[in-house]
A.B. asks: 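Please find one structure pasted underneath; my questions will follow.
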There are 2 protein chains.
Amino acid sequence: MATLSDVARRAGVSPATASRVINGSSKPVTDELRERVLAAVAELQYVPNAHAQLLARSHRSAVGVIVHDVSDPYFAEITRGLQRVATDQGRLLMICNSYRDPDRELEYVELLRGHQVAALILAGSGYHDEAFTRQLNEKLAAYEATGGRVAVIGRHEHSGDAVMPDNRAGGYLAGRELCGLGHRAIGVIAGPRILTTTTDRLAGLRQALTEQGRELPERRIRYAEFDRDGGAEATARLLDADPELTAIVALNDSMAIGALATLRTTGLAVPQQVSVLGFDDMPIARDVTPALTTVRLPLVHMGVRAMSLVLGPGAAAPRVEVLPAELIRRDTAGPVPRSTRATAGSAPRARRGDTTS
Amino acid sequence: MATLSDVARRAGVSPATASRVINGSSKPVTDELRERVLAAVAELQYVPNAHAQLLARSHRSAVGVIVHDVSDPYFAEITRGLQRVATDQGRLLMICNSYRDPDRELEYVELLRGHQVAALILAGSGYHDEAFTRQLNEKLAAYEATGGRVAVIGRHEHSGDAVMPDNRAGGYLAGRELCGLGHRAIGVIAGPRILTTTTDRLAGLRQALTEQGRELPERRIRYAEFDRDGGAEATARLLDADPELTAIVALNDSMAIGALATLRTTGLAVPQQVSVLGFDDMPIARDVTPALTTVRLPLVHMGVRAMSLVLGPGAAAPRVEVLPAELIRRDTAGPVPRSTRATAGSAPRARRGDTTS
DNA sequence: TACCGCAGAGAAAGCCCTTTCCCGCAGGGA
DNA sequence: TCCCTGCGGGAAAGGGCTTTCTCTGCGGTA
């Protein structure tokens, strides 16, 4: 690889001058030398060594991002928002997929710190895991102590700036909607228990049901992976145990899509026999059939806000921005069927006693 | 930020020793000093400066990847394959989204070169653009001249190693399938004309139709963005001009999903009135309703192969691996309807003279 | 006892840039 | 004419790390 001194030598100038031409320094250089340098660059196909540059100008310009998986639409949307603001400000993003592995998350914080990022954004659910949370906070604190900026999206464990989708309110919206439609036998397919996103959404849902005199017993909840296959499988388990269910709340849209797949296989009509509610409103939600009724989160905006916080002026006190959830009514949620559903595989069971307000 | 010399000073050793402990060098260090260094690292929350490291050991370990958009399922799958091999070999991936902007692609080649990547993988369609192709090849050649390895996925313009999905054969499969089902009035919603992927798939499709004595006139092709909305819009235009169409081939699954959306809005039943074929077999294809009949490409495997080529031993001659396409029959393609469709909005028109073999 | 070899540690030379500091020179004002 | 100013350019000092080379001191062999 050609180096800067190669270029300088070839152009018959000092490395300093070559550097100034190449970087468009404010220091003036005569046109003649400039030409010579540019010519040498072209001839040698010179590309500056990014590591050397980054080391020399200890500049801190890139921003580190840790998500679960960029190709998951939830994070893809958030990332779109992050990217938009970053690009506007001429920042490079370094995006890491933790695949929801806490250890990997910790490693990536170190890695990004090592890469001298100007700021760090963690997106995605927090964990109910004290030891991990403490470790993470220590690392983040150490990073902030050296001037790094940190913001989190959707996790409350961190003491600094945060952008929070209102998961709890979203769960509440879902619950209220189903109650309004007359459902009582409501099942939930949930993501991993250890995720705060799961428990927050569940808490809101439960609150809505409780307010309406319904309840949400643990036996009507199935925990699985937060993806399509997890949703499909959890739905199967749920229906197996509780054939009289008239509604299923999926704690994200991917699971909801899995649920629709299982229901189709089972031959249960949506929403005539079973209603389905999703969560997140990923782009694909409107394209499944029937189109998914879901709780929308302003994903792109969440990204925009987080990046703005982190690149904008700091604040004395940590800022928490809560962004509202919104119910999007499409075609998968309908009124509770008039009669008890005739279940195909298993014998119809007597309704278990739901309490009434 | 604490530096290595800070650590060394605190531990009462030389920077050399500290470095050896931290990096697990093969050079032996007494346990006592090791302990002291490790303690200092922990106390100072020391993280090595990645740029300095990368500069000092001019090692070239990371691999650069340029895709259209990682969050596009097509590339997400490919990337999964790339990642798998890279992780196995302890390589870091730097992934850049070109968003199908040739200039950005060129910039990213430079950027990644500047970051001293050991290899470069370009995934995604090539362009029918000689000037661009020449420029890109020059840049790649310059990179290879300095020992860099290059592989491309799905583009023939490059002279080096390549992994090629058989787009043409895939188009052929789609055409043959529709002919077998009796379709004659076949429309195509295609990606941008400038992409070789578009023209390759189209060529295969046209070949199949021609062999069966059908034809594919330009008026039955609509070019649009290679995404959902492009597909929806192109479908609308196509149906508007040609209400008697009985089948639509989408040149990728995203467009196919857009087509399904438009057909649903229009009130045309799939596949009873109109058949739809996709291309790629993205994960979501099986979850739309009806499930999408499509041409499968071994996306993950393509990624695996490309990364293997690029990290494995070099070859004297450039290697081209062509990976086969496969037709996946699901529920969107059916036999041609018996009678001419009763079109809702526009008056039924006389069939234009399709030639018969 | 004298010498060789080796283990373990440090000194210092890069890695490739950027940027400050300094120098020479030309032009303009006194 | 002299001095000051300012412009254009180069020398050199980092930036933080790795790694080679060198040095010291010890145990073992002749």
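Just so we're on the same page: letters track the sequence lines, and every chain starts at 1.
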A.B. asks: What nucleotide, of D/dT18, C/dC17, C/dG10, holds the atom closest to the side chain of B/A56?
C.D. replies: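 Taking heavy atoms from C-beta onward, the closest nucleotide is D/dT18.
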
A.B. asks: Of the candidate nucleotides D/dG16, C/dT18, D/dG10, which contains the atom at the shortest distance from the side chain of A/L4?
C.D. replies: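 Of D/dG16, C/dT18, D/dG10, C/dT18 is nearest to the side chain of A/L4.
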
A.B. asks: Please report, rounded to the nearest Å, how far the C1' atom of C/dT18 is from the NE2 atom of B/H51.
C.D. replies: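 Distance check: B/H51 NE2 to C/dT18 C1' gives 15 Å.
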
A.B. asks: Can you name the residues that form a salt bridge (Lys or Arg N to Asp or Glu O under 4.0 Å) with A/R84, not counting sequence neighbours?
C.D. replies: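 Once residues adjacent in sequence are excluded, A/R84 has no partner under the salt bridge (Lys or Arg N to Asp or Glu O under 4.0 Å) criterion.
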
A.B. asks: Between B/S98 and B/E105, which heavy-atom pair has the shortest distance, and what is it?
C.D. replies: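 Heavy-atom minimum between the residues: OG-OE2, 3.7 Å.
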
A.B. asks: Return the value, rounded to whole Å, for the distance between atom CG of A/L54 and atom P of D/dC17.
C.D. replies: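 Result: 14 Å.
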
A.B. asks: Using the test side chain to side chain donor-acceptor pair (under 3.5 Å), find all partners of A/R10 that sit at least two apart in sequence or belong to another chain.
C.D. replies: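 Side chain to side chain donor-acceptor pair (under 3.5 Å) list for A/R10, sorted by chain: A/E43.
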
A.B. asks: Taking five pairs at each end of the helix from C/dT1-D/dA30 to C/dA30-D/dT1, what angle separates the two helix axes (nearest 10°)?
C.D. replies: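 Between the axes fitted at each end of the helix from C/dT1-D/dA30 to C/dA30-D/dT1 lies an angle of 60°.
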
A.B. asks: Nearest 0.5 Å please: distance from the CD1 atom of B/I78 over to the CE atom of B/M302.
C.D. replies: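 Spacing of CD1 (B/I78) from CE (B/M302) equals 4.0 Å.
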
A.B. asks: Tell me which residues in residues 107-120 of chain B lie within less than 4.0 Å of DNA chain D, going by non-hydrogen atoms.
C.D. replies: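 Correct list: empty, so none.
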
A.B. asks: Rounded to whole angstrom units, what separation is found between the CZ atom of A/R57 and the P atom of C/dC16?
C.D. replies: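 After rounding, the gap between these two atoms is 17 Å.
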
A.B. asks: Applying ring-ring contact (aromatic ring centres under 6.0 Å, His included), name anything that partners A/H115, two or more places apart in sequence or on another chain.
C.D. replies: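 So A/H115 forms a ring-ring contact (aromatic ring centres under 6.0 Å, His included) with B/H51.
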
A.B. asks: Return each pair, listed once, that meets salt bridge (charged side-chain N to carboxylate O under 4.0 Å, His left out) where at least one residue sits in residues 54-74 of chain B; pairs must be two or more places apart or across chains.
C.D. replies: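 Residue pairs with at least one partner in residues 54-74 of chain B: there are none.
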
A.B. asks: Could you check how far CZ of B/R60 sits from C1' of C/dC16, rounded to whole Å?
C.D. replies: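 These atoms are roughly 14 Å apart.
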
A.B. asks: Quick one about B/T133 and B/N137 (side-chain donor to acceptor, distance below 3.5 Å, no hydrogens or angles considered), yes or no?
C.D. replies: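 Result is no, nothing qualifies.
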
A.B. asks: Using the test side chain to side chain donor-acceptor pair (under 3.5 Å), find all partners of A/T196 that sit at least two apart in sequence or belong to another chain.
C.D. replies: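 Scan of A/T196 (side chain to side chain donor-acceptor pair (under 3.5 Å), adjacent residues dropped) gives A/S125.
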
A.B. asks: For a quick check of understanding: with a heavy-atom distance under 4.0 Å over all strands, which category does A/S19 fall into, base, sugar-phosphate or nothing?
C.D. replies: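 Base contact.
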
A.B. asks: From D/dT18, D/dG16, D/dG10, pick the nucleotide closest to the side chain of B/Q53?
C.D. replies: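 Shortest atom-to-atom distance from the side chain points to D/dT18.
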
A.B. asks: Which atom pairs link the protein and nucleotides 21-23 of chain D when you take only N or O atoms and keep those under 3.5 Å?
C.D. replies:
| unit_1 | atom_1 | unit_2 | atom_2 | d |
| --- | --- | --- | --- | --- |
| D/dC21 | N4 | B/K27 | NZ | 3.3 |

A.B. asks: Apply side chain to side chain donor-acceptor pair (under 3.5 Å) to B/R9 and list each qualifying residue two or more places apart in sequence or on a separate chain.
C.D. replies: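 Counting only residues at least two positions away or on another chain, B/R9 forms a side chain to side chain donor-acceptor pair (under 3.5 Å) with B/D6.
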
A.B. asks: Applying salt bridge (charged side-chain N to carboxylate O under 4.0 Å, His left out) between A/D161 and each of A/R155, A/R305, A/R319, report the one that passes.
C.D. replies: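 It is A/R319; the other options fail the test.
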
A.B. asks: Does C/dT18 have OP1 or OP2 under 4.0 Å away from a side-chain N or O of A/N23?
C.D. replies: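 So the side chain of A/N23 is within the cut-off, an N or O lying under 4.0 Å from OP1 or OP2 of C/dT18.
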
A.B. asks: Would one find a side-chain N or O of B/S14 under 4.0 angstrom from OP1 or OP2 of C/dA11?
C.D. replies: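 Looking at the OP1 and OP2 atoms of C/dA11, neither is under 4.0 Å from any side-chain N or O of B/S14.
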
A.B. asks: Let me spell it out: for each of B/G12 and A/A2, pick the nucleotide of DNA chain C with the closest heavy atom. Which residue's pick is nearer the 5' end?
C.D. replies: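 Between the two, 5'-proximity favours B/G12.
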
A.B. asks: Got a sec, which residues hit ring-ring contact (aromatic ring centres under 6.0 Å, His included) with A/F75, two or more places apart in sequence or on another chain?
C.D. replies: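 With neighbours one apart ignored, the set is A/H68.
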
A.B. asks: Counting only non-hydrogen atoms, which of residues 28-43 of chain A are less than 4.0 Å from DNA chain D?
C.D. replies: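 Only A/P28, A/V29, A/T30, A/L33 qualify.
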
A.B. asks: Checking B/D101 against B/Y99: is there a side-chain donor and acceptor pair closer than 3.5 Å?
C.D. replies: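 Side chains of B/Y99 and B/D101: no pair found under 3.5 Å.
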
A.B. asks: Is the phosphate of C/dC17, meaning OP1 or OP2, less than 4.0 Å from a side-chain N or O of A/Y46?
C.D. replies: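 Answer yes for this pair, as a side-chain N or O of A/Y46 is under 4.0 Å from OP1 or OP2.
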
A.B. asks: Can A/E144 and A/R149 be counted as an ion pair, charged N to O under 4.0 angstrom?
C.D. replies: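 Salt bridge flag = no for A/R149 with A/E144.
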
A.B. asks: Between C/dA9, D/dG15, D/dA11, which one does the side chain of B/L55 approach most closely?
C.D. replies: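 So the nucleotide nearest the side chain must be D/dG15.
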
A.B. asks: Tell me, please, which residues at least two apart from A/Q83 pass side chain to side chain donor-acceptor pair (under 3.5 Å).
C.D. replies: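 A/Q83: no side chain to side chain donor-acceptor pair (under 3.5 Å) contacts found.
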
A.B. asks: Report the distance from atom CG of A/D6 to atom C1' of C/dC16, rounded to the nearest whole Å.
C.D. replies: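 Going from A/D6 (CG) to C/dC16 (C1'), I get 11 Å.
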
